[in-house]
J.: 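Structure below; questions to follow.
In what follows, chains carry the letters A, B, and so on, assigned in the order in which the sequence lines appear, proteins first and then strands, with residues in each chain numbered from 1.
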Protein chains: 2
Amino acid sequence: MTISEVSKRCNISPDTLRYYEKVGLLSDVNRTAGGIRDYTEQDCAQIEFVKCMRSVGLSIEILRKYFELFKRGKRTLKARRELLATERKALQERFVELQDTLKRLDYKISVYDKAIASKDKELKF
Amino acid sequence: MTISEVSKRCNISPDTLRYYEKVGLLSDVNRTAGGIRDYTEQDCAQIEFVKCMRSVGLSIEILRKYFELFKRGKRTLKARRELLATERKALQERFVELQDTLKRLDYKISVYDKAIASKDKELKF
DNA sequence: GTAGCAGTTGGAGTTAACTCCAAGTCAAGC
DNA sequence: GCTTGACTTGGAGTTAACTCCAACTGCTAC
């Protein structure tokens, strides 16, 4: 698969794909004789994983560390598991925070609805 | 309240508090005769609101728009309500995404646990 | 064989959201 | 009246994560 094919499929720009490779989120992408990247299904799956983790805010640096551990082989299985567990915990906290903020917004919107219904009373902020 | 008191109370640096004021997230903070900021409880409540919204990723720009609408008075009640509803919807989507990613991480961690238990088999990534 | 297009590189530029700094002011204590 | 420490300002610097660019290469079609 060429970079533009992967780009379309994963909805990530070629620039970003090259950037991810450069910073170590995607190692050893195959090249054709002419030096053009030739992505495998495996590469795509990894890119989707990166995309998913990035979309919820895992930093490039954390992902870089994860793949660096990966390159060091089986003996880093536990370290990788712990890294994932740590990030999972942080995400869980963000999840609860998000839940609370959604509730707060719902309440605020309901207060707006009341203010709008009752002769446009003003709010504090 | 002085800026350092608010800083401690809200756990936001004085620089950030001044920055928020400068970009329009906190208008007309009172000053003492000597020109020193003197925050009210109301200001603090607003800062907490900003902090809460920022912590889940609402941009400074969106919050700036919200408070700008606010300054234009009651006739913007509906516009503000709609702005909040729009952001709520986006947060809801991020919420679902986060939920899915948590599940994915849980699964991946369970795969790691299996690999670690069964003689350190290696994974794909 | 040459036009055109997709790909390559290294490196510069951008954006959001802070964060830091230097130079100055002011009120309080000695 | 002088030091000290918290505060002020405008503006420069930082960081993460892209995003863009110029100059170049190498297939493919005519």
Side-chain angles (χ1 to χ4, degrees), chain A residues 1-40 43-44 46-68 87 90-91 94 97, chain B residues 1-40 43-44 46-68 87 90-91 94 97:
Chain A
M1 246 172 301
T2 68
I3 200 165
S4 61
E5 279 160 358
V6 176
S7 170
K8 260 167 225 152
R9 178 163 153 183
C10 299
N11 202 29
I12 296 180
S13 80
D15 268 323
T16 301
L17 288 171
R18 281 186 286 255
Y19 169 70
Y20 282 173
E21 189 179 340
K22 184 158 68 179
V23 298
L25 267 45
L26 203 55
S27 45
D28 307 322
V29 174
N30 286 339
R31 302 294 183 115
T32 66
I36 287 176
R37 287 175 183 80
D38 185 18
Y39 295 87
T40 63
D43 290 330
C44 272
Q46 188 167 332
I47 289 164
E48 285 292 0
F49 173 71
V50 166
K51 189 188 175 186
C52 180
M53 296 303 140
R54 284 290 307 124
S55 80
V56 297
L58 288 231
S59 71
I60 297 277
E61 183 53 23
I62 284 291
L63 293 170
R64 205 194 50 69
K65 264 182 201 155
Y66 176 76
F67 291 116
E68 188 191 290
E87 294 312 310
L91 277 196
R94 305 235 334 274
E97 206 171 15
Chain B
M1 247 171 296
T2 67
I3 200 165
S4 63
E5 278 159 359
V6 175
S7 170
K8 258 168 228 153
R9 179 162 150 183
C10 300
N11 202 28
I12 296 180
S13 79
D15 268 322
T16 300
L17 288 171
R18 280 187 286 254
Y19 169 69
Y20 281 172
E21 189 178 341
K22 183 157 70 179
V23 298
L25 267 46
L26 204 56
S27 45
D28 307 323
V29 174
N30 287 338
R31 301 294 184 116
T32 65
I36 287 176
R37 288 176 183 77
D38 186 18
Y39 296 86
T40 63
D43 291 328
C44 273
Q46 187 165 332
I47 289 164
E48 285 292 0
F49 173 72
V50 166
K51 189 188 174 186
C52 181
M53 296 303 140
R54 285 290 306 123
S55 80
V56 296
L58 289 230
S59 70
I60 297 276
E61 183 54 22
I62 283 291
L63 294 170
R64 207 194 50 67
K65 265 183 199 151
Y66 177 77
F67 290 116
E68 188 190 288
E87 295 311 311
L91 277 196
R94 304 235 334 273
E97 207 171 13

J.: In whole angstrom, give the distance that lies between atom CD1 of B:Ile3 and atom C1' of D:dT8.
T.: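 So the CD1-C1' distance, B:Ile3 to D:dT8, works out to 9 Å.
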J.: Expressed as a whole number of angstroms, how long is the span from A:Glu61:CD to D:dA16:P?
T.: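 Rounded to whole Å, this separation is 8 Å.
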J.: Where the side chain of B:Arg31 is defined as all heavy atoms beyond and including C-beta, which of C:dG7, D:dT9, D:dC21 is the nearest nucleotide?
T.: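 Of C:dG7, D:dT9, D:dC21, D:dT9 is nearest to the side chain of B:Arg31.
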J.: What nucleotide, of C:dC18, C:dG7, C:dT8, holds the atom closest to the side chain of B:Thr16?
T.: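 In terms of side-chain proximity for B:Thr16, the closest of C:dC18, C:dG7, C:dT8 is C:dC18.
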J.: Kindly indicate whether the side chain of A:Leu58, heavy atoms from C-beta on, has any atom under 4.5 Å from the side chain of A:Val50.
T.: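 No, too far: nothing below the 4.5 Å cut-off.
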J.: With the side chain of A:Lys22 defined as its heavy atoms from C-beta on, choose the nearest nucleotide among C:dC18, C:dG11, D:dT8.
T.: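 Out of C:dC18, C:dG11, D:dT8, the nucleotide with an atom closest to A:Lys22's side chain is C:dG11.
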J.: Can you check the B:Arg37 CZ to C:dC26 P distance for me, whole Å?
T.: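 Roughly 15 Å, once rounded to whole Å.
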J.: Starting at CG of B:Leu25 and ending at C1' of C:dA16, how long is that distance when rounded to a whole Å?
T.: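 That distance rounds to 13 Å.
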J.: Specify the separation, in whole Å, of atom OH of A:Tyr19 and atom P of C:dT8.
T.: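 In whole Å, C:dT8 P and A:Tyr19 OH are 18 Å from each other.
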J.: Give the nucleotide from the list C:dA6, C:dC18, D:dC7 with an atom nearest to the side chain of A:Ser4.
T.: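 The nucleotide sitting nearest to the side chain is C:dA6.
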J.: Does B:Ile60 reach the side chain of B:Arg54, with side-chain heavy atoms less than 4.5 Å apart?
T.: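 In contact.
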J.: Nearest whole angstrom, please: distance from the P of D:dA16 to the CE of A:Met53.
T.: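 Roughly 21 Å, once rounded to whole Å.
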J.: Are the side chains of A:Tyr66 and A:Glu87 in touch, meaning some heavy atoms are under 4.5 Å apart?
T.: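 No. Closest side-chain heavy atoms not under 4.5 Å.
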J.: Return whichever of A:Gly34 or A:Tyr20 has its heavy-atom-nearest nucleotide of DNA chain D closer to the 5' end.
T.: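 The 5'-side residue here is A:Tyr20.
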J.: Would you indicate, yes or no, if D:dC7 has its OP1 or OP2 atom less than 4.0 angstrom from a side-chain nitrogen or oxygen of B:Thr2?
T.: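 Checking D:dC7 against B:Thr2, a side-chain N or O does come within under 4.0 Å of OP1 or OP2.
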J.: What is the distance, rounded to the nearest whole Å, between atom CG of B:Leu17 and atom P of D:dA6?
T.: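 Spelled out: CG on B:Leu17 to P on D:dA6 is 17 Å.
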J.: With heavy atoms under 4.0 Å as the rule, sort A:Arg18 into base, sugar-phosphate or nothing.
T.: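 Since a base atom lies under 4.0 Å of A:Arg18, the category is base.
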J.: Under a 4.5 Å cut-off applied to non-hydrogen side-chain atoms, are A:Arg9 and A:Tyr39 in contact?
T.: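 When only atoms from C-beta onward are counted, A:Tyr39 and A:Arg9 do not touch, as no gap falls below 4.5 Å.
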J.: When you compare the side chain of A:Tyr19 with that of A:Leu25, does any pair of heavy atoms fall below 4.5 Å?
T.: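 Not touching, per the 4.5 Å side-chain cut-off.
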J.: Indicate, yes or no, whether a donor-acceptor pair under 3.5 Å links the base of C:dC18 to the side chain of B:Asp15.
T.: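 Such a pair does not exist between side chain and base.
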J.: Which part of the nucleic acid does A:Arg54 contact within heavy-atom distance under 4.0 Å: base, sugar-phosphate only, or nothing?
T.: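 Sugar-phosphate, backbone atoms only, no base.
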J.: Taking atom P of C:dA16 as reference, at what distance in whole Å does atom CG of B:Leu58 sit?
T.: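 Nearest whole value for this atom pair: 15 Å.
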J.: For DNA chain C, whose closest nucleotide is more 5', that of B:Ser13 or that of A:Ile36?
T.: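 On the 5' side of the pair lies A:Ile36.
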